[in-house]
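So the structure is just underneath, and the comments pick up after that.
Convention: sequence-line order gives letters A, B, ...; per-chain numbering from 1. The shown structure was predicted, so the numbers you read here are calculated from the model rather than taken from an experiment.
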Amino acid sequence: MKKTKKIVATLMAATMVLASLSACSAKTEPVKEETKVVEDTKEEKAEEVAEVKEVVLDANTVIPVIAKGFQHQFWQAVKQGSEEAAAKYGIKVDFQGPESESAIPEQVRFLDAAINQAPVAICLASLDTEASLESIKNAKEAGIPIIGFDSGVPGAPEGAIKANAATDNVAAGAKAAEELHKLISEKLADPAESVRIGVVSQEANSQSIVDRTSGFINKMIELVGEDKVSVIGHDKFNKKNDAAKVILEVGIPANVKDDEAAAVASAIMNKEDLVAIYGSNEFAANAIINANETLEILGADKVIGVGFDAGKKQKQAVKDGILVGSITQDPVQIGFKAVELAVMAAKGEEVSDIDTGSRWYTAENMEDAEIAPLLYD
Amino acid sequence: MLDRLKKIFSNQQTVVVIALVAICIAFSLMTDKFMKPTTFTDIAKYSYYVAFMAIGVTFVIATGGIDLSIGTVAMCTALIGGVLMEKGVNMFIVMLVMLVIGSLFGLLNGLMVSKLGLPAFIATLGTMMVSRGLGSIVSNVKSISFPQGDAVGSWYREIFMITKKGGVLAKNFPTGFILLVIAAIIMALVLNKTRIGRYILSIGSNKEATRLSGINVQKFETLAYVFSGFFAALAGIAYVAVFTTVLPNSGNGFELDAIAAVVIGGTSLAGGIASIFGTVIGVFIMTVLKVGFPYIGVQPHYQLFITGIILIFAVYMDILNRRRK
């Protein structure tokens, strides 16, 4: 019996080693097979490039695009954009993302492997700049330009990141506040009783989410009047003003779980003076929609709900009028611009940050040709 | 008088019921929003998936083992079910398939622990990773939205909560609560009144003695894990009925909520002592805290802090009681 156990244990260990070895090499293959190549502009570009720099960009050029994950449809849309840019410039991209947005070491391995292949440029949305520091320095020394996208590579050493293609999340959050303000401005102008606006946020750590939340809050304060607004609910955003009649209440769940987030939204939505509620990403918007299933207080003539990003549930809610509208990023543009900047940087051209923008969508314009592709499922 | 009080508190199940009532009273005093029917609906809705996982894992913990895979198995079966549903498979069949897949994962766990002799922590940790990856593989790393509103197949949601107006039962009626009570009663009977339950508890109490008495330890230990897998799948169904969307790669951390509830309810991690009733009350304590804290304005970082203290305190009370006996 003991001998069998030993054999089984050795076999399992050997299988694990073999599996991990084969997984390593197999990883890049499937992604490469998916990218398409269009050859029309290739020759013109090659000549242009030969004059500017020694770098030749052709069908064999592969630019690694390392994202934060694959989990959300958002990244699939970014991938689509990167492949469109690849087709336009006659090159290939290798889109990679770790299995989850907390798998930092895995992303660092992707980055190292990418650097080892000496590409002409790399696109990176770093999960943790600190953890990737060594790799980023190596890339810098090897002369490989890095283009940041989405949340980019905050805190990277000087000159390592040539430019960023991302949504200006502060501006996007501010846009949500502007659109909402248009709808409820009479209620906010010197109310007799207190008036409440809810702000539900997935968490208070990730830069993109914090930017969208504070962008919304600060714009709302600007539109209503600095001394007329009180912000409560979370130490990070608090700006208490007991005399103010307009209250911005922030709600953040203890864990990123659907039930806890819905409970937080419910707590805010139970307050009688609530006139509007905003969720700063898909998760938060879903929490608001879930809470509303029980309470049923959202609607154009009731409490105004505003969301962010897309996803099937949120899109349905906007279509049904539960959410009056939402802000969407342009993930396709993020992927596209990132690769475009990478191509420019590879050729030695000047590059600078690009705000890929945000759009406000409602039940009326959701199906429009320029909005629909941005709304992933 | 003191003796009588001691006697009441010596039973962990009594302690947790008193604790639950006390917490509810405390919240109601601090805010008038707590005692609304909609709040009860919410507490019920959010408790289902944790409750089903907790009922299933109670059996595993009763054998002295542990099952870390319940959260990811729940989500994996939900994703697989979702893929089938998107291909047009009937919702009823989808749910059956989910339950079968959950049970298969349970069977895998059970065989690894009882036949191969792997420590439960490691075996179920492995299954946790496998099921997490499998869910992403099958769904092609896409999130899946289950039918809601007027879509085909959305009837399954009514098993857990009435979403539509004008039917026999009022909207928001927590039908899932009835399902939960039935499941809890059945499983409590299995645990306490049948041979299966008796043997499972015996294995947890003293595995070697049970084996020497001629009982097929491997069979019953495996059965406990199959229960756990089955209920994890049921939890997956409850989850999508309430939240309608499931993300690939999720489920991590759900198991800790369930296990905490089980332990608060008086089931011993060492095995041999278990209570389904205690588990269900434990789940409600955790859910009431989750729902109530935001109502009284406790910030997330404080919520985590306080919940942790309550967990430690609850388990310590249980251990004190056991020592006294």
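- Taking chain B as the reference chain and counting heavy-atom pairs below 4.5 Å, the highest number among A:S266, A:P253, A:A287 is found for A:S266.
- Proximity to chain A is absent for every atom of B:S136, based on heavy atoms less than 4.5 angstrom apart.
- Taking OG1 of A:T213 as the reference point, atom CD of A:Q202 lies at 10.0 Å (rounded to 0.5 Å).
- No part of A:A265 comes within reach of chain B, as not one of its non-hydrogen atoms sits under 4.5 angstrom from that chain.
- Ring centroids of B:Y239 and B:F254 are separated by less than 6.0 Å, placing the two rings close together.
- Heavy-atom pairs under 4.5 Å with chain A were tallied for B:T244, B:T41, B:L116; the largest tally goes to B:T244.
- For B:F34, no part lies under 4.5 angstrom from a heavy atom of chain A.
- Contacts between B:F293 and chain A at a heavy-atom distance below 4.5 Å are absent for every atom of the residue.
- Contacts between A:N255 and chain B at a heavy-atom distance below 4.5 Å involve the side chain alone, from C-beta outward.
- Of all the heavy atoms in B:I264 and B:G282, the pair that sits closest is CG2-CA, 4.3 Å.
- Using a 3.5 Å distance cut-off with no hydrogens or angles, the side chains of A:Q314 and A:S326 do pair a donor with an acceptor.
- A:N281 and A:R212 are not linked by any side-chain donor-acceptor pair at a separation below 3.5 angstrom, with hydrogens and angles left out of the test.
- For A:E203, no part lies under 4.5 angstrom from a heavy atom of chain B.
- When heavy atoms are compared at a cutoff of 4.5 Å, B:V242 approaches chain A solely by way of its backbone atoms N, CA, C and O.
- Counting heavy-atom pairs closer than 4.5 Å to chain B, the top residue among A:D258, A:L295, A:I252 is A:D258.
- Of the charged side-chain nitrogens involved, none lies within less than 4.0 Å of a carboxylate oxygen, so that A:R109 and A:E106 do not count as a salt-bridged pair.
- In the model, B:T124 has no side-chain atom that pairs as donor or acceptor with a side-chain atom of B:S69 under 3.5 Å.
- Options B:Y46, B:Y302, B:Y49 differ in how many heavy-atom pairs under 4.5 Å they form with chain A, and the most are formed by B:Y46.
- Taking A:D235, A:V250, A:I232, A:V264 one by one and counting their heavy-atom pairs under 4.5 Å with chain B, the maximum is reached by A:D235.
- Remark: B:E208 CD is packed, more than 12 non-hydrogen atoms of other residues, nucleotides or ligands lying under 6.0 Å away.
- A donor-acceptor contact closer than 3.5 angstrom is absent between the side chains of B:T245 and A:K312.
- Looking at A:E249, there are no atoms closer than 4.5 Å to chain B (heavy atoms on both sides), in backbone or side chain.
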